[in-house]
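Within every chain, numbering begins at 1; the chains are lettered A, B, ... in the order of the sequence lines, protein sequences first and strands thereafter. The figures here come from the full heavy-atom set of this structure, side chains too, leaving out hydrogens, waters and symmetry mates. These figures come from a predicted structure and were not determined experimentally.
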There are 2 protein chains.
Amino acid sequence: VGPEALSLWKSKSTFTSFGVFFLQMGWGDLGAFGEPSKETPNLDQMASEGMLFLDFYTASPLCSPSRAALLTGRLPVRNGFYTTNAHARNAYTPQDIVGGIPDSELLLPELLKKAGYVNKIIGKWHLGHRPQFHPLKHGFDEWFGSPNCHFGPFDNRALPNIPVYRDWEMIGRYYEDFKIDLKTGEANLTQIYLQEALDFISKQQASQQPFFLYWAIDATHAPVYASQRFLGTSQRGLYGDAVREIDDSIGKILKHLQKLGISENTFVFFTSDNGAALISAPKQGGSNGRFLCGKQTTFEGGMREPAIAWWPGHIPAGGVSHQLGSVMDLFTTGLSLAGLQPPGDRQIDGIDLLPAILQGKLIDRPIFYYRGNEMMAVRLGLYKAHYWTWSNSWEEYSKGIDFCPGQNVSGVTTHTQEEHTTLPLLFHLGRDPGEKYPLSFASDEYQRAMERISVVVQQHKANVVPGEPQLNVCDKAVMNWSPPGCEKLGKCLKPPKSDPKKCFWPH
Amino acid sequence: VGPEALSLWKSKSTFTSFGVFFLQMGWGDLGAFGEPSKETPNLDQMASEGMLFLDFYTASPLCSPSRAALLTGRLPVRNGFYTTNAHARNAYTPQDIVGGIPDSELLLPELLKKAGYVNKIIGKWHLGHRPQFHPLKHGFDEWFGSPNCHFGPFDNRALPNIPVYRDWEMIGRYYEDFKIDLKTGEANLTQIYLQEALDFISKQQASQQPFFLYWAIDATHAPVYASQRFLGTSQRGLYGDAVREIDDSIGKILKHLQKLGISENTFVFFTSDNGAALISAPKQGGSNGRFLCGKQTTFEGGMREPAIAWWPGHIPAGGVSHQLGSVMDLFTTGLSLAGLQPPGDRQIDGIDLLPAILQGKLIDRPIFYYRGNEMMAVRLGLYKAHYWTWSNSWEEYSKGIDFCPGQNVSGVTTHTQEEHTTLPLLFHLGRDPGEKYPLSFASDEYQRAMERISVVVQQHKANVVPGEPQLNVCDKAVMNWSPPGCEKLGKCLKPPKSDPKKCFWPH
């Protein structure tokens, strides 16, 4: 496909809808990426009909910052989704977080809306649960899902269970109205989320309106769940059952687009918000293939993600791209699909992937690996330089919290924060994707690569204006005690007195 | 494909040739198995046109015993390719080995020959280099390649360089006549081996004779090499260059079969003799994906192999099989293709894979993981029980010899030989393909699985009659000083006095 095809499409097509599947899945969880049970026929088919991205990254090894980055096209350190409570700490939006997505941030749906798009989020929002952060105040027209992660408080009733919203109001709570059987792992939520997607797509097709559908469901996040039809069907246990159900659902959504005749007008992207959570393994944890460590870390296992672009009639089937990509690119690419330019009044980190996808171009760009307020590493071409290394603290590790189970690379998977800013650890990810063999500092190769990388890092650091950190303050009073709509359901709880504190982020 | 198709093929087809690509490559070295650089388009295409085996094993984590097992259909402990010099030691056929394949063993080419097949081995024989072990004395009609591994003595001239044979006689030696530039990794041997294959196939097609072609080349074994056209073309360094050249060659061989119109009469199988040698990483070592450890070990990384069956018009394209398979099955399957039964006078470990391949059947059978004279582990269904664990000795490990670089599973990747025969370590390879989480001994799952496994192990042990060990005695006098044909070339060397000794096998 050459530039002609691109312009041809731009002139012919009246509009292009945009679908994003954004899940927590590891690089190694898909058959197409080498999962040995090969139980993702629909995702594998999506890849064979579309394009596989082999060098695609999230913007943070944790969920909230990654999601904020996708929707703003900006690094968490810019959009405020980080903490300065301690150095290089992962932070997110639990129920007691005070912060959330600032009004000053422009989200993809806000911009698409101006171009006539109807936007829906299905699943986990995770950009703040207080009223001012509500997704319908940030460009989404519809929402079905939860503001926070479903992992707690697991129906202990002393604290509010996570609410499930339809649009402006809650319609129930996890564990109370939307059951997850923690013993068997049974829950029919993925089926509900699937139906929401199918219905929304049908409605948009009927009204001939372009749409942005953000399908951000949580079945592979601990506590992992699957509906009864899928329980026990995977070789991989409950986690595999959940993956199979997601795979099945994605297959159904893609087929639905095809059946409605709008697949050629819908660009769909599949990727993940962080690497598989190896602390939940083996029962509830996925796979990062041969990459080092997992979620919470800036090793490849924490941030390299499976990624597939699908757009029948536009993307050549069976394509493979080595374009260094980022979830932040989905912001810019989404705008590009709508014929929009990214906002010019702020730094945008995402790039438009369409030239890479439609014309096979390779755009030279670095990938920055952040953990909280620190740039831990940078990738340029096939080189990755670690300026800081850390898995987690000895204190946590000694309690059995292990982000790199079965893996131990001396001087790399460190349990103290190790600074390498004057002499970064350098890896060649082609020869050594597992980050096991740092290049010799004395080698010509090291010198040559670091010369180029240093310039890029200097430029980057000079251009980062950190946003106001949103993840510093926690307060039990802001939990989901009384979300809008709770009165109708008799589900309002009484909040305690406000007592704001610095949030504690252990890793 | 049902039984009808199988019988239809059996009645219609006059003969079926058999091609085996037998290389040293790890599970994770192919794009189809998740190698992140995805540089094996031809093997990936072979997989998409044929059938991928995801649960396929070699018979030993080292080359010679695996090769002996493939050609005899029998475990090394039966065919003599093991040592009793020490417990559970890997042994092979270096230049000073006295033993080799016993005359009493029936090799696949010997049997196929009786059915009118013409058999050629291209590459590394490795079943003994003394005259009585010559491949042409064991059923092969043609040979182009070497009797031993090309890794030493690296042209130091104090010891004989490994000879290269054409049929009965040597035609030169590695490093002298068949150059490998150890600095650049350049060698054109794969091109020679490719041409030998193409010529042989053309000749057989012209004479309308069925053939068995055993393409067992050594480019991915350290010292790794590639020809100039491929040097520097891989993201993975020299090892990747070698893989790319092999991939390219296999593509050319398959296309040649198609061009000659005999692809539907040629069953082709690709697999590997052991896991990638992680001790050679990162520069010369491949990848075992997410599996534990590598060559020399009985963990999955040492023995689970990439495997592809290809037979256009017979094997449904894009198939995937979870049949537990073994290189020994290629013996029985090869016989089956020729309409032959395996010999009835001895225990054959290989099974006929055609029902699995053509009819999608799953045949229940265990996989035994041997290291030398010891059954270290057994797989039954998705369970793998370790009766012994060992990576290598502390002495070796402290010298930097590491079969599991970057990996460390406490109590599993042990540096002393640990016996677990009364209470085996049990893993579920579906949930935990990386062998990181042994099941709790007290669990019902452990009890149920071990009940079944114990029976299988008991039966197996009762039926193993160990062959005379061939890899116990070494003698410098038997090295390739004066191979047949050396006189014509002026390349005969004078052997030292015979001084047979117990071979030393450190791991």
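The OG atom of Ser37(A) sits 7.0 Å away from the CG atom of Leu382(B) when rounded to the nearest 0.5 Å.
Between chain A and the options Gln407(B), Lys38(B), His322(B), the largest number of non-hydrogen pairs under 4.5 Å is found for His322(B). With chain A as the partner, the residue from Gly237(B), Pro36(B), Gly34(B), Ala32(B) showing the most heavy-atom pairs under 4.5 Å is Pro36(B). Ranked by non-hydrogen atom pairs under 4.5 Å with chain B, the options His428(A), Arg304(A), Lys436(A), Glu435(A) are led by Lys436(A).
Interface residues of residues 42-55 of chain B toward chain A, defined by a heavy-atom distance below 4.5 Å and sorted by number: Leu52(B), Leu54(B). Interface residues of residues 276-287 of chain A toward chain B, defined by a heavy-atom distance below 4.5 Å and sorted by number: Leu278(A), Ala281(A), Pro282(A), Ser287(A).
For Pro433(A), the part sitting under 4.5 Å from any heavy atom of chain B is the side chain, from C-beta outward, and nothing else. Residue Tyr437(A) touches chain B through its side chain alone, counting heavy-atom pairs closer than 4.5 Å. Of the two parts of Tyr239(A), neither the backbone nor the side chain holds a non-hydrogen atom closer than 4.5 Å to a non-hydrogen atom of chain B.
Contact detail for Arg290(B) and Glu35(A): the closest heavy-atom pair is NH1-OE2, 4.1 Å.
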